[in-house]
Undergrad: 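One structure, pasted below without further comment.
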Amino acid sequence: MAPGGGILIPTRLPLLLTHEGVLLPGSTVRFTVGSARNMQLVSQRLLKGTSLKSTIIGVLPNSRDPEHDSDDLPALHGIGTAGIAVQVVGSNWPKPHYTLLISGLCRFRVSSLLKERPFVLAEVEQLDKLEQSSDKTTLQLIGLKSQFSFLCKYNPTVCLRVQLLGMLDVSIPVVAKFRRLLDSLPRETLPDVVASMIHTSNKEKLQVLDAVSLEERFKKALPMLTRQIDGLKLLQKTRKTSPDNEKRVLSVRKGGAFPGRQFNLDEEDEDEDGDDTTVLERKVRAANMPEAALKVCLKELKRLKKLPQSMPEYALTRNYLDLMVELPWSKSTKDCLDIRAARTLLDNDHYAMDKLKRRVLEYLAVRQLKTSLKGPILCFVGPPGVGKTSVGRSIARTLGREFHRIALGGVCDQSDIRGHRRTYVGSMPGRIINGLKTVGVNNPVFLLDEVDKLGKSLQGDPAAALLEVLDPEQNHSFTDHYLNVAFDLSQVLFIATANTTATIPPALLDRMEVLQVPGYTQEEKVEIAHRHLIPNQLEQHGLTPQQLLIPQDTTQDIISRHTREAGVRSLERKIGAVCRAVAVKVAEGHPSIKTDTLIPAGPVEPEGGNKVIPPEMPIVIDHIALKDILGPPLFEMEVSERFTLPGVALGLAWTPLGGEIMFVEASRMEGEGQLTLTGQLGDVMKESAHLAISWLRANAKTYQLTNMVGAPDPLEGTDIHLHFPAGAVTKDGPSAGITIVACLASLFSGRLVRSDVAMTGEITLRGLVLPVGGIKDKVLAAYRAGVKCVILPKRNEKDLEELPANIRANLDFVTAGNLDEVLNAAFDGGFQRTAGPPAAPQLTSKL
């Protein structure tokens, strides 16, 4: 201290070059330093110093960002502030740096630089000897004090910055602290204090810093303070006034004032933020929720009023109440019950799918007769690409309801369905409640996509959690773990989609009405392509029907020779490839303006002297053009070419992707009577092969089956190799039983199986043919492969009614009850039996 009571600083000071702020005398600022010079100053001066003198440094505004620090020293500002380092905190993330809390003491002027490395050291001249103020300055000081008091009254955020000037007594009200501070502050420090508190730019603060005389400092600080007060007055006029504004004070905690419960003077939305609990209570009562939910909300709201906003429970409770008031407890949409309009809309959106359309129309008809009908729970099962998801969206549009899709593929946590309990950190409601919040009504159409691909983990089984959601007797009181109150889901129309029912738990499958969505026939695919796929692809590629024409013959060629699927996704991709090729031709015939401007003056001929001639419109895609665009055909009708030797039969298989044809090949060689099976067969197919061998050996004399040397036992001295091609594909199921019998009978008899016959059916040891599933998909696969006759179990004759009329007319169906009928239909001229004793009466299956 100086003899007169002033502040004396060392004549030599290390300089801290700052870029992010301006330190004024009487203010406390936090600086983050990371440049090399500043880091050296902290480590060698502040951290190693042991006296109070070593904590006094000079803070000098720097015109260059310290991040771009280089060896050469930038131009230094002439005047800085000497300050004392109150706190030093170091950190290594995201990069090494120090955070300094510096309290300003007085101004200084840089006289000369003593050294630049490792940190800047300069000789300074203290500028705290202030001249005697005049009467004019005294009047300005009085005006500044009155305006400063006004600022305190209208801007509580300024009061929070008082803690930077020193620790205040928290037992005294904030306004009283401010008044005492104003009375105790020396008059020469008021301009610096005002400039450090007001929201203003660093450029204006630099002007106050450069003002050495007290009068000049007042002239710089007063306009900033006047501008701040005028803005507050204007803000007061444009906002609503509340009688509670005068009573609101800042909440205070031990250690200083903090904005825990917001001082809401001049807040933007007084209804939302100022009295949020009152507004929230009004919303809770207006949500029209059930009595049980209302009781829980009011209890949580009462608890919320007692919680300070700084506690974590406050945010959790507030989020819970916000969700409760946003849920559509009583909001619903009115169904469109016009059956004719619904039928027209469904026919325009989707071709075929008669069973699905009929089920939707039945629901609409019942809704006309009974208004309080629970929403059905449907499950569309079919191969990919047949339109299960899109038809769900069409159903929502037909009913006039909101649509929400929930993808369940790969979900392995039951909390995704039921939500988390609020005791967990980061808890949130499940997808069902979130979906209802999104759509905003309580009777939407929910599409549960890929319900057959749900997983299971240590977090629970989501399929078991869906039991409550999809049970019409339980979902009227569905309880989410997060809500912990019942919500009515009975008006929601749930539609689940799956590729197969094999992976759906039986309990969940029992709660849904399963509607099979089989693959499309070739004729249906042609109609779908010309009604939907081709117009959609033309629009996506910027083409018009006047530019591209795809005849039906070309479409049939794409379907039969370039795609082989139950749905139409590959077909749409192939049509997209055709559109892209045509788009190139169209673009070449219509060069853009930008390209023309780059062509030099004068006639320029392309190589060869041929000009680019625009193609004739429309561009018609024939078989030759199709081969040039898509390449050679991927699939050929190879059925007849495979039946050149005995021991080959054609079977039918079902997969989640639709029906497939399956060849069975057999060969024999000298050996010890062993049977070899290849082709990645499952246990059921291996058992079918052993059944077929046993039945043929038992009936070898009847059908004149011999081994390689003519012995009556086909396996005597002979090894049999049975192979199912496409060895990389796993195969299993009982449907190949009659196919294996026909293949081995052809091998043992030396006769060829008919090349236009495909078959499917399970066998027994007594020669009976048992029914199998997936008949429609299998028949469609045979039809796509060019098969003319299909052998089916007799008890599957009822499944033929589901086939389209054109397929029933173009295919011959043979229904067999035993293997004798199968062999007679599989071979040209039948499979003759030897004359002998009368055959035993044929058994009829009782299954």
Side-chain angles (χ1 to χ4, degrees), residues 344-354 383-387 390-391 393-394 519-596 606 608 610-637 658 780 783-786 804-807 809-810:
T344 302
L345 182 59
L346 289 173
D347 290 339
N348 291 337
D349 287 349
H350 292 84
Y351 184 75
M353 292 189 175
D354 296 333
V386 297
S390 61
V391 78
R393 188 175 287 106
S394 295
Y520 298 114
T521 65
Q522 183 169 343
E523 290 75 11
E524 290 173 344
K525 288 184 179 180
V526 171
E527 286 294 329
I528 292 172
H530 285 272
R531 289 189 183 189
H532 303 287
L533 302 184
I534 293 179
N536 185 32
Q537 289 297 319
L538 289 178
E539 181 181 358
Q540 290 186 8
H541 292 83
L543 299 174
T544 62
Q546 290 74 29
Q547 294 173 323
L548 173 62
L549 177 61
I550 302 179
Q552 288 198 0
D553 294 341
T554 304
T555 307
Q556 292 178 354
D557 198 7
I558 297 175
I559 295 171
S560 60
R561 306 183 67 186
H562 292 273
T563 64
R564 183 167 289 178
E565 58 174 350
V568 292
R569 283 181 180 158
S570 294
L571 175 60
E572 187 173 14
R573 285 192 287 267
K574 298 298 181 182
I575 295 174
V578 172
C579 292
R580 290 192 297 271
V582 173
V584 173
K585 295 294 183 182
V586 174
E588 287 179 347
H590 297 81
S592 63
I593 299 176
K594 182 177 180 181
T595 305
D596 292 340
N610 297 324
K611 294 183 178 180
V612 178
I613 301 176
E616 296 182 2
M617 298 297 173
I619 299 177
V620 180
I621 305 299
D622 55 9
H623 298 286
I624 299 176
L626 187 65
K627 184 177 180 180
D628 293 338
I629 296 173
L630 300 181
L634 300 178
F635 306 98
E636 295 287 350
M637 297 302 178
L780 292 178
Y783 182 72
R784 289 195 297 265
N806 63 316
I807 291 184
N810 293 331

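Because the structure is predicted, anything quoted here is derived from the model rather than measured.
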Undergrad: Please name the pair of heavy atoms, one in Pro804 and one in Glu524, separated by the smallest distance, quoted to 0.1 Å.
TA: CG-OE2, 4.3 Å

Undergrad: Return the set of residues passing side chain to side chain donor-acceptor pair (under 3.5 Å) with Asp349 (not counting sequence neighbours), or none when no residue passes.
TA: Ser394, Arg397

Undergrad: In chain order, what residues pass the side chain to side chain donor-acceptor pair (under 3.5 Å) check against Arg573, with sequence neighbours excluded?
TA: Ser570

Undergrad: Given 3.5 Å as the limit, does a donor-acceptor pair link the side chain of Asn810 with the main chain of Asn806, or not?
TA: yes

Undergrad: Of all heavy-atom pairs between Gly519 and Pro383, which one has the smallest distance, and what is that distance?
TA: N-CG, 4.2 Å

Undergrad: At their closest point, which heavy atom of Glu523 faces which heavy atom of Tyr783, and how far apart are they?
TA: OE2-OH, 2.8 Å

Undergrad: Would you say Arg531 has more than 12 foreign heavy atoms packed within less than 6.0 Å of its CZ?
TA: yes

Undergrad: Provide the closest heavy-atom pair for Leu630 versus Ala577 in the form atom of the first, atom of the second, distance.
TA: CD2-CB, 3.8 Å

Undergrad: Closest heavy-atom contact between Lys525 and Ala566?
TA: CE-O, 3.9 Å

Undergrad: Okay, side chain of Asn348, backbone of Thr344: is any donor-acceptor separation there less than 3.5 Å?
TA: yes

Undergrad: Looking only at heavy atoms, which two atoms of Thr563 and Lys574 are closest? And how far apart?
TA: CG2-CG, 3.8 Å

Undergrad: Is it the case that Gln537 and Glu572 place a side-chain donor and acceptor less than 3.5 Å from each other?
TA: yes

